[in-house]
Amino acid sequence: ILMFVVVFFFFIRPQAKKQKEQVKFLDSLDKGEEVVTTSGIIGRINKIDGSIVTLAVNDKTFIRVTKGSISKDMTEAYRKAGITDTTTAS
């Protein structure tokens, strides 16, 4: 039983917390925000249609990605770094 408690508090609980934060982040996304996908693509949200997000990666280039492919950790690191992409600026 002690082993189960240790595994729960050190592995399962932190992962569940991180997953809840990711879901909360995805639900709070709004048009115009600059985000980073899990594959490293940087773009500004142009449209959200259910679970599909259209990102503007350039003035005339748009890609569609699933909402789940947007990374909270990578987006926050990108924002913290203060890198600005002038090609997608509105």
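One is the number of the first residue; the rest follow in order along the sequence. These values consider heavy atoms only, across backbone and side chains, with no hydrogens, waters or symmetry-generated copies.
Screening Ile42, Asn46, Thr37 for a side-chain contact (heavy atoms from CB on, under 4.5 Å) involving Leu55 leaves a single residue, Thr37.
There is no path of hydrophobic side-chain contacts, each under 4.5 Å, that joins Val65 to Phe62. Leu29 and Ile63 fall within the same hydrophobic cluster, where Ile, Leu, Val, Met, Phe, Trp and Tyr residues are linked whenever their side-chain heavy atoms come under 4.5 Å apart, directly or through other members.
Partners of Glu21 according to the side-chain contact (heavy atoms from CB on, under 4.5 Å) rule, which considers only residues two or more places apart in sequence or in another chain, are Lys17, Lys72. Taking the side-chain contact (heavy atoms from CB on, under 4.5 Å) definition, one finds that Arg79 meets it with Phe25, Glu33, Val35, Thr75, sequence neighbours left out. Residues satisfying the side-chain contact (heavy atoms from CB on, under 4.5 Å) test with Ser71, not counting sequence neighbours, are Thr38, Asp73, Met74.
Across every non-hydrogen atom of Thr66 and Ile52, the tightest pair is CG2-CD1, 4.4 Å. Shortest non-hydrogen contact noted between Leu26 and Ile70 is CD2-O, 3.7 Å.
Once rounded to the nearest 0.5 Å, the distance linking CD of Gln22 with CD of Gln19 reads 9.0 Å.
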Start with the C-alpha distance between Glu34 and Tyr78, add both sets of side-chain angles, then the distance that settles side chain to side chain contact (heavy atoms under 4.5 Å, CB included), and finish with yes or no. CA-CA 9 Å; Glu34 200 161 36; Tyr78 174 77; 3.5 Å; yes
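Annotation for Lys67: atom NZ counts as buried by contact number, over 12 foreign heavy atoms lying within 6.0 Å.
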